[in-house]
Amino acid sequence: MLDIKFVRSNPQIVKEALEKRGASINLDEFLELDEQRREKLAEVENLKNRRNVVSKEIGSLKREGKDASDLVEEMGQVGENIKILDNQVREIDEKMESIIMAIPNIPHESLPIGPDESFNRVERTWGEPTKFDFEPKAHWDLGEMHDILDFERAAKVTGARFTIYKGLGARLERSLISFMLDVHTTEHGYTEVLPPFMVNRQSMTGTGQLPKFEEDLFKVNNTDYFLIPTAEVPVTNIYKDEILNEKDLPILHCAYSPCFRAEAGAYGRDTRGLIRQHQFNKVELVKFAHPENSYEELEKLTNNAEKILQLLELPYRVVTLATGDIGFSAAKTYDLEVWLPNSNTYREISSCSNFEDFQARRANIRFKGDKGKPQFVHTLNGSGLAIGRTTAAILENYQQEDGSIKIPKVLQKYMGVEVIK
RNA sequence: GGAGAGAUGACCGAGCGGCUGAAGGUGCACGCCUGGAAAGCGUGUGUACGGGCAACUGUACCGAGGGUUCAAAUCCCUCUCUCUCCGCCA
């Protein structure tokens, strides 16, 4: 969420930011409530002060054995008034809360401005789109050909948008998980975490999935738990309500988890293959950074994710999301897009974002140095990478004319074979 | 699932109706001491919100939410979490 003081003193900046995003929020109502709240607060605090002072008087009078019944009676009335005002303040608080929790983050000034993804800016391209002197097959066809991906039986076991990995397919998926975690922990300095795959409502609110996007989540029946849509949620919330030591920043975590997404509103899109599933695997990178250098940390994090694609020798490009395409909680996002030969296009395989203090304020994650007050940390995260889409990219980019699939050099020791045929 | 114990500041830990924002300790910061360090000594050290240019000041906060009371960390109720024992179990 945004800083209420900032909203109060810079309403124009906030309005412009919301406009760039294409979000509509009734900010004036919020500001009006804020004013009302402060009035009521002053009133009730005066009464409470009176109560505190008089209660002490009553105490000393009683100790001296004197009569205090006048004061007691007066305080009875004051107590009633306090109760009424407290309720009014709470009502206003709730209204303000529901408004500010629905306000998205303010986009960073470096973003291209525009209403949709066509305004995204390509920053750089690595490698060349893979060339074939035959018609490249789709990864779902390759998967079924080698009997390593089974979509039909998964539909029988569960439903649409689920996959059974089999044999070397399962092994490829597992190899990618291990490979990515190994690179990030040994070469990039991240500490591995294996978090819970379900979280409570508070955690979902902390990172910004709730209250606005409940329909995108799977909720576990008879509990208040949700299946995580990304490891970002449990890992970011590790330090919820904590004050970190400034010296420990930045804190770097990487985590493997399955991800569960309802994909509401995606009917008919990407219905074939591994691209859009209700359950997929992902290795996530999460950082807790000092506000002074969080944008440098974003560059590094993006580079860390890119490194995986480079080691796998998969062609990709880096794109800065435009103001209208960026996620609710993010201030700036780089998408990494991998080349998929069969669809003849780049597809998102990682999304690396700086949330600044937006999530930290919601989840109450702060740091403190030797001097000075606690401040909110900046949180960042990025996929490093989405495993299912990586598998798809490998199948399509590494396919041979006879349908066999070469295994990228760095994966061969994990796979135990050099080719799937 | 059954029985019991507990949740207090960065951390440990006292307090169990009013004089407690909270003893004591640890940690941390600053100063003294030292050639330098350790030890020792001294001083300081909560958060949020409101008001004030500021010094400062008001309110709230002792797991969360309700209640009793003139007054609650302290009494009552509900919930959450942690620990111990029993049962069950990968």
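Chain letters run A, B, ... following the sequence lines, proteins first, then strands; residues in each count from 1.
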Might you list the N or O atoms of the protein lying below 3.5 Å from N or O atoms in nucleotides 65-71 of chain B, with each pair's distance?
| residue | atom | partner | partner atom | Å |
| --- | --- | --- | --- | --- |
| C70(B) | O2' | S55(A) | OG | 3.3 |
| C70(B) | N4 | K62(A) | NZ | 3.4 |
| A71(B) | O4' | S55(A) | OG | 3.2 |

All N/O pairs under 3.5 Å across the protein-nucleotides 48-54 of chain B interface:
| residue | atom | partner | partner atom | Å |
| --- | --- | --- | --- | --- |
| C49(B) | O2' | R37(A) | NH2 | 3.2 |
| G50(B) | OP1 | R8(A) | NH1 | 2.8 |
| G50(B) | OP1 | R8(A) | NH2 | 2.9 |
| G51(B) | OP1 | R38(A) | NH1 | 3.3 |

Show the distances under 3.5 angstrom between N or O atoms of the protein and N or O atoms of nucleotides 62-64 of chain B.
none

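Listed by first then second residue, pairs satisfying ring-ring contact (aromatic ring centres under 6.0 Å, His included) with a partner in residues 16-45 of chain A number zero, not counting sequence neighbours. The ring-ring contact (aromatic ring centres under 6.0 Å, His included) pairs that include a residue from residues 218-243 of chain A are F218(A)-H278(A), Y239(A)-H253(A), Y239(A)-F288(A), where partners are two or more places apart or lie in different chains. For residues 75-84 of chain A, the set of pairs meeting the salt bridge (charged side-chain N to carboxylate O under 4.0 Å, His left out) definition, not counting sequence neighbours, is empty. Sorted by first and then second residue, the salt bridge (charged side-chain N to carboxylate O under 4.0 Å, His left out) pairs with a member in residues 13-26 of chain A read K15(A)-D28(A); sequence neighbours excluded. Applying the ring-ring contact (aromatic ring centres under 6.0 Å, His included) rule to pairs touching residues 91-112 of chain A yields H108(A)-Y295(A), sequence neighbours excluded.
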Between F358(A) and F328(A), is a ring pair (Phe, Tyr, Trp, His ring centres under 6.0 Å) present by the stated rule, with each step listed? CA-CA 10 Å; F358(A) 188 88; F328(A) 176 80; 5.7 Å; yes
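You'll find the side chain of I387(A) reaches within 4.5 Å of the side chain of M180(A), heavy atoms only.
With sequence neighbours left out, E246(A) forms a side-chain hydrogen bond (donor to acceptor under 3.5 Å, both in side chains) with H290(A). A search for side-chain hydrogen bond (donor to acceptor under 3.5 Å, both in side chains) contacts involving E306(A) returns R124(A), N303(A), Y316(A), not counting sequence neighbours. In this structure N364(A) satisfies the side-chain hydrogen bond (donor to acceptor under 3.5 Å, both in side chains) test together with D241(A), R366(A), sequence neighbours excluded.
Comparing U57(B) with C62(B), their P atoms are spaced 23 Å from each other, to the whole Å. G63(B) and G9(B) are spaced 8 Å apart, taking the P atom of each and rounding to whole Å.
A donor-acceptor pair under 3.5 Å is absent between the side-chain atoms of Q209(A) and the main chain of L217(A), judged by distance alone.
Listed pair N52(A) / U59(B) meets the phosphate criterion, a side-chain N or O lying under 4.0 Å from OP1 or OP2. Between N49(A) and G58(B), a side-chain N or O to OP1/OP2 separation shorter than 4.0 Å is absent.
Base-pairing analysis of RNA chain B finds the following stems of at least three consecutive Watson-Crick or G-U pairs, with both pairing distances under 3.5 Å: B:1-7 with B:80-86, B:10-12 with B:24-26, B:27-32 with B:40-45, B:46-51 with B:56-61, B:63-67 with B:75-79.
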